[in-house]
Number of protein chains: 2
Amino acid sequence: MTKARVTVIDIAKAAGVSKSTVSLVLQGSSLVNEGTRSKVNAVMRDLGYVYNRGAANLRQAGAKSRIVGVVVNDLTNSFFAELAVGVDMVVQSAGFVQFLSNTGESIDRQREVVASMREHGISGLIVSPARATDAADFKPLVAAGIPVVVVVRNLPGAKVSSIVSDNQAGMMSAVQHLAGLGHKRIAFLGGFPDTAVFDDRLAGYRSGVEAAGLDYHEELVIASAPSRAGGVEATGKAIALGHRPTAAVCFNDAVAFGVCDGLRARRLEPGSDFAVVGFDDVIEAQAAVPALTTVSVDPQGIGRRGAQMLLKQINAGKAEAETVTTAVRLVVRESCGASMSIKIKQDSA
Amino acid sequence: MTKARVTVIDIAKAAGVSKSTVSLVLQGSSLVNEGTRSKVNAVMRDLGYVYNRGAANLRQAGAKSRIVGVVVNDLTNSFFAELAVGVDMVVQSAGFVQFLSNTGESIDRQREVVASMREHGISGLIVSPARATDAADFKPLVAAGIPVVVVVRNLPGAKVSSIVSDNQAGMMSAVQHLAGLGHKRIAFLGGFPDTAVFDDRLAGYRSGVEAAGLDYHEELVIASAPSRAGGVEATGKAIALGHRPTAAVCFNDAVAFGVCDGLRARRLEPGSDFAVVGFDDVIEAQAAVPALTTVSVDPQGIGRRGAQMLLKQINAGKAEAETVTTAVRLVVRESCGASMSIKIKQDSA
DNA sequence: TGACATGATTGGAACGTTCCAAATATTGAA
DNA sequence: TTCAATATTTGGAACGTTCCAATCATGTCA
């Protein structure tokens with residue numbers, strides 16, 4: 001219908017003021033008279049004016065586009081979906097809008113979407129990098145003064161802010177919990193050994209083992225893909241061991257689920273015959289049977305926190321790399337065997 | 001460092017051509033000589049030029065921003081996360097980028113994010129509307145020539161394209177499957193009665209009941225919140241009925257999981273003592289115990305399809321409302337009791 | 001050789017906003 | 001009434017791109 005979009009000049013004409021004045025009320029300047037302000041606002045409503053952020057952004061010399069980019073490595077994983085929701089929350093209420101892209105662990109896709117986002121003039125970026133991302137990949141961004149916050153997986157060597165969960169402490173407490181239940185041979189199952197997260201969690205495992213006064217045995221750490229399938233695979237190897245473990249801490253919840261599957265396939269019941277604990281506390285963890293004992297990392301909280309950090313840097317105009325590790329806590333459910341007796345009691349009550 | 005961003009003029013100067021020529025190579029025009037093209041490209045690489053889509057978009061009169069907006073009502077639900085991934089896939093490979101926002105069923109948030117997206121000049125919108133969204137809410141968008149595709153929940157009365165799954169056929173086949181297993185009293189559990197989706201699924205239930213030669217009993221349809229909690233609530237009411245049902249089709253998978261919980265709380269085992277089938281086939285469905293028999297709707301496929309439809313309309317420049325319903329299929333797992341014998345056989349093999 | 005088509009290139013003039021410096025209106029005090 | 005101070009308003013000139021019409025080389029044909 002009305003082919004031409006209505007512009008600030010149309011408003012000015014209709015309200016009998018100059019475009020500069022209209023611009024002023026747009027930015028909520030205190031310079032404009034209350035009367036004119038309301039008149040202009042009324043006219044804007046009447047004509048159905050929509051602000052053209054692109055044009056504004058052009059003049060404001062690449063400063064404030066009010067767009068943040070978010071790129072995650074696997075959105076189908078509810079962990080990252082939650083993370084995105086957390087980011088969206090704070091970003092939205094700060095009047096920003098988010099570009100969200102999924103890389104599916106593809107480093108090429110990641111490069112593409114980051115480039116695309118940059119062309120669109122994002123004022124900041126939150127990224128959970130795909131595996132094997134080069135720390136230098138974000139160099140151009142920060143050189144251009146665009147703050148970057150890396151979450152979940154850290155990028156050693158990159159001069160950017162990051163938020164990771166306390167992988168070490170989390171794994172340590174998991175091991176100590178199992179040791180407290182009387183387990184002497186506790187395996188570490190799953191995960192790719194070439195990642196920083198793996199190293200951290202393994203280190204935590206080792207500290208836990210030592211803190212519990214047990215010996216660290218190399219054969220008890222069995223790597224695999226960090227997926228359900230990887231979990232069952234690792235289980236097979238663990239069970240085949242001469243001196244079998246009686247419990248396992250897993251690289252993440254997906255692996256833990258796989259371990260449960262693998263156990264059942266061998267007529268072992270997770271929780272009673274073999275204790276398993278996961279890491280992440282994904283949504284499915286508490287609904288599973290048996291409910292998964294796991295280390296809760298609150299991805300939504302990480303998302304919120306990351307967004308806050310990013311917004312702070314955007315507003316400050318200066319991005320000095322800051323790195324925080326967020327606390328985690330062990331949530332004890334059924335798969336570790338700890339609450340068996342309690343649960344039975346509750347049921348019969 | 002280099003404070004000023006490098007522009008097309010800088011490139012022109014450095015390459016010894018005019019800005020118009022640079023612009024031409026930017027758009028891959030066939031008008032420019034092969035020699036100049038490669039020289040210009042080289043210079044762009046050297047100076048680290050980044051295209052300013054905002055500026056381009058400004059000149060191109062609101063035409064092609066290469067941004068599509070995606071708003072979903074609940075991103076924490078993996079159904080919608082999958083949907084978003086589907087959209088992202090096709091949108092990304094078409095060289096677009098997506099604004100993704102989560103409304104969490106808040107109609108105010110929805111209004112805000114849509115307005116914000118509009119200010120940013122999206123060239124199209126895919127939306128799974130929050131509950132109680134007014135069909136007129138998207139009127140201004142389509143009036144401005146911005147194509148809108150509604151997915152999952154349709155918006156009767158709105159003149160926009162939509163993609164919904166075949167709720168009726170899906171529910172009907174679920175009921176017929178249960179009837180085929182010998183069930184005579186089949187309940188319909190969960191969901192809010194004031195939604196279009198509920199109506200469709202209920203209609204499918206009714207057709208299924210009648211097609212199986214059973215009677216339709218009003219007391220067997222029990223509404224509730226479409227959530228896990230709603231499921232247990234509905235289960236309570238169903239069990240309390242004078243003449244108990246022996247099976248239930250549920251509004252969605254969340255309700256179905258709740259029904260399983262409710263059953264167990266009453267010492268009934270889902271699958272053997274009472275058959276339950278869900279709707280959606282969320283990721284957790286196959287991992288659950290018992291694995292959930294459910295109607296699979298392939299959210300990622302809906303996302304891809306919706307994105308394709310939207311892109312088509314964007315490219316056509318003309319948005320004529322088109323509505324497609326996607327096929328669904330019943331996937332039989334354990335919770336309906338059908339595969340019990342088979343499963344046992346497999347295990348002992 | 002001139003006329004003409006074709007191939008490459010190029011200066012402005014937009015696009016819709018914000019910013020600056022300057023102009024104008026209003027007010028209070030002398 | 002006049003002046004200065006303050007409160008409001010206002011024309012350009014940007015911002016980085018694309019588009020249009022126009023220019024400038026070439027090569028071709030009669």
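Listed candidates were D:dT18, C:dT9, D:dT10. Nearest to the side chain of B:R59 is D:dT18. Listed nucleotides: D:dT10, D:dT17, D:dG16. Nearest to the side chain of B:Y51: D:dT17.
Residue contacts shown for B:S20 include a base, since a base heavy atom lies under 4.0 Å away.
Residues A:S128 and A:N73 bring a donor and an acceptor atom of their side chains to less than 3.5 Å of each other. Residues A:S161 and A:Q313 have side chains that bring a donor and an acceptor to within less than 3.5 angstrom of each other. Between the side chains of B:T76 and B:D74, at least one donor N or O sits under 3.5 Å from an acceptor N or O. Between B:S23 and B:Q27, the side chains place a donor N or O and an acceptor N or O closer than 3.5 Å (distance only, hydrogens not considered). Under 3.5 Å, the side chains of B:Q98 and A:S101 contain no donor-acceptor pair of N or O atoms.
At whole-Å resolution of the value, CZ in A:R37 and P in D:dT8 are 10 Å apart. For B:M44 and D:dT17, the CE to C1' distance is 13 Å, given to the nearest whole Å. Between the P atom of D:dA7 and the CG atom of A:L24 lies a distance of 15 Å, rounded to the nearest Å. When the P atom of D:dA14 is taken as reference, atom CG of B:L58 falls 17 Å away, rounded to whole Å. Regarding B:N57, its CG atom lies at a distance of 13 Å from the P atom of D:dT17, rounded to whole Å. Following rounding to the nearest Å, A:I9 (CD1) and D:dG12 (C1') show an atom-to-atom distance of 12 Å. The separation between A:L31 atom CG and C:dA25 atom P is 18 Å, rounded to whole Å. If you take CZ of A:R53 and C1' of C:dT18, they are 14 Å apart, rounded to a whole angstrom.
In this structure, B:S23 reaches the D:dT18 phosphate: one of its side-chain N or O atoms is under 4.0 Å from OP1 or OP2. Between B:T21 and the phosphate of C:dA8, there is no side-chain N or O to OP1/OP2 separation shorter than 4.0 Å. In this model, the phosphate group of C:dC19 is approached by a side-chain N or O of A:Q27 to a distance below 4.0 Å at OP1 or OP2.
The nearest heavy atom of DNA chain C to B:A55 and to B:S18 marks one nucleotide each, and the one closer to the 5' end goes with B:S18.
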